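Quick notes on the structure that follows.
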2 protein chains.
Amino acid sequence: MFDWLLDQKVQNSIGSCYMKKNGTTISKAAQRAGVGIETIRYYQRLGLIEEPGKPVEGYRLYPEHTIDQIRFIKRAQTLGFTLKEAKVLGELGEEKCLETRDLAGLKLELVQSKIRDLKFIEHNLNDLIQHCDTRRKDEACPIYYSISKQ
Amino acid sequence: MFDWLLDQKVQNSIGSCYMKKNGTTISKAAQRAGVGIETIRYYQRLGLIEEPGKPVEGYRLYPEHTIDQIRFIKRAQTLGFTLKEAKVLGELGEEKCLETRDLAGLKLELVQSKIRDLKFIEHNLNDLIQHCDTRRKDEACPIYYSISKQ
DNA sequence: ATAAACTCCGTACTATAGAACGGAGTCAAT
DNA sequence: ATTGACTCCGTTCTATAGTACGGAGTTTAT
């Protein structure tokens, strides 16, 4: 039951107790997960990862599992998911595939909608820049004019 | 020189002094510009529009020019410009076309970069959803799996 | 004259994802 | 034993674009 406590004592008597087994310190965990220390604390505050219990003496130890969770969150972010969504994705796990698919579908629609908006902007900017480049010297700035009008 | 003061007195003796000429109250200005009152105050705080002087008695009066400025800002926003950039665009005016063009060019590049990023995400999400839809019943969720791996 | 509506003004809050700070505690090594 | 490095913890700050609030003053309408 309390083997881990024993383990720690044993390690303590041998060398530093902060050399893995039971986990690593926050800075090592951050380094291994590719994030800053503050990011880990922030995820803890949001409840995205559980905070390891504070030992009576010494520092909190972050298990491998938590580091994996952080990596999971980071990869979810690269797919456009927010931290809140990343949390849900983690909770859904590998079983609730339909819900996960739905979440991804919604995200896809959002992303596509953003792309459409940006393309519209891109088109307008391109147009305006064209007008700028082909304007006569004495004409007022087409961009300024276009924003001013209506 | 102080005709406006006279005007106001005259108007005062006739009816409400808050019926245009010299400007309108903030709520009317907001309505005519299509924004909220708080937005106008916010733009004032940022120095995007000048705050009309507070008369000794009564409320501030917003001239037509300020309403135009707010509309200018709003249109600049639809082109993807931030408020800070909208301010610069307004200051550049219709003369400094080259600078304006540069600003638009930078914005265009930013927008295109965002589109590329979003398309990458779109592609990945599409892939994952495909995998979800073609997976065998007994397989773990491809999306969850993909985010977990590596 | 009094109530409803409007304005003024500063401050605080929304969302998102952290970064930075400061002081106290703890650990490791010389 | 003391220094340097690390941790802990709460709080504050960043950026962006507003929204909301609360109390006091002003104007308008009845």
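Letters A, B, ... are given to chains in the order of the sequence lines, protein chains preceding strands, and every chain is numbered from 1. Keep in mind it's a predicted model, so treat the numbers as computed, not measured.
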Does OP1 or OP2 of [N] have a side-chain N or O of [X] closer than 4.0 Å?
{"X": "B:Thr25", "N": "C:dC6", "answer": "no"}
{"X": "B:Lys74", "N": "D:dG18", "answer": "yes"}
{"X": "A:Thr39", "N": "C:dA17", "answer": "no"}
{"X": "B:Arg60", "N": "D:dT26", "answer": "no"}
{"X": "B:Lys84", "N": "D:dT16", "answer": "yes"}

Could you tell me how far apart [X] ([atom1]) and [N] ([atom2]) are, to the nearest whole angstrom?
{"X": "B:Ile37", "N": "D:dA20", "atom1": "CD1", "atom2": "P", "answer": "12 Å"}
{"X": "B:Lys28", "N": "C:dA5", "atom1": "NZ", "atom2": "P", "answer": "14 Å"}
{"X": "A:Leu61", "N": "D:dT7", "atom1": "CG", "atom2": "P", "answer": "11 Å"}
{"X": "B:Ile70", "N": "D:dG18", "atom1": "CD1", "atom2": "P", "answer": "11 Å"}
{"X": "A:Arg45", "N": "D:dT11", "atom1": "CZ", "atom2": "P", "answer": "11 Å"}
{"X": "B:Glu57", "N": "C:dT7", "atom1": "CD", "atom2": "C1'", "answer": "15 Å"}
{"X": "A:Tyr42", "N": "C:dA20", "atom1": "OH", "atom2": "P", "answer": "15 Å"}
{"X": "B:Arg41", "N": "C:dC13", "atom1": "CZ", "atom2": "P", "answer": "20 Å"}

*In terms of the nearest nucleotide of DNA chain C, which residue is placed more toward the 5' end: B:Tyr62 or A:Ile73?*
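It is B:Tyr62, whose closest nucleotide lies nearer the 5' terminus.
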*Given that A:Thr82 and A:Lys54 both sit by DNA chain C, which one's nearest nucleotide is further toward the 5' end?*
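It is A:Thr82 whose nearest nucleotide is closer to the 5' end.
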*Determine the contact category for B:Leu46: base if any of its heavy atoms lies under 4.0 Å from a base atom, sugar-phosphate if only primed atoms, P, OP1 or OP2 are that close, otherwise nothing.*
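Result for B:Leu46 = nothing.
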*With heavy atoms under 4.0 Å as the rule, sort B:Glu85 into base, sugar-phosphate or nothing.*
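Counting heavy atoms under 4.0 Å across all strands, no contact is made by B:Glu85.
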Minimum side-chain heavy-atom gap [X]-[Y] below 4.5 Å:
{"X": "B:Phe81", "Y": "B:Ile73", "result": "no"}
{"X": "A:Cys97", "Y": "B:Pro142", "result": "yes"}
{"X": "A:Tyr42", "Y": "A:Leu83", "result": "yes"}
{"X": "A:Ile143", "Y": "A:His131", "result": "no"}

*Just compare C:dA19, C:dT7, D:dT19 and give me whichever is closest to any side-chain atom of A:Glu38.*
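Output: C:dA19.
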*When you measure from the side chain of A:Ser27, which nucleotide among C:dA17, D:dG18, D:dC6 comes out closest?*
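Closest nucleotide to the A:Ser27 side chain: D:dC6.
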*Side chain of A:Tyr59, base of C:dC27: donor and acceptor closer than 3.5 Å?*
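No, the side chain and the base share no sub-3.5 Å donor-acceptor pair.
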*May I ask you to decide whether A:Lys114 forms a salt bridge with A:Asp117, counting only side-chain N to carboxylate O separations under 4.0 Å?*
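No salt bridge links A:Lys114 with A:Asp117.
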*N-O pairing of A:Glu51 and A:Arg41 below 4.0 Å*: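 No, A:Glu51 and A:Arg41 are not salt-bridged.
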*Mapping B:Gln77 and B:Val56 onto DNA chain D by nearest heavy atom, which one lands closer to the 5' end?*
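Final value for this comparison: B:Gln77.
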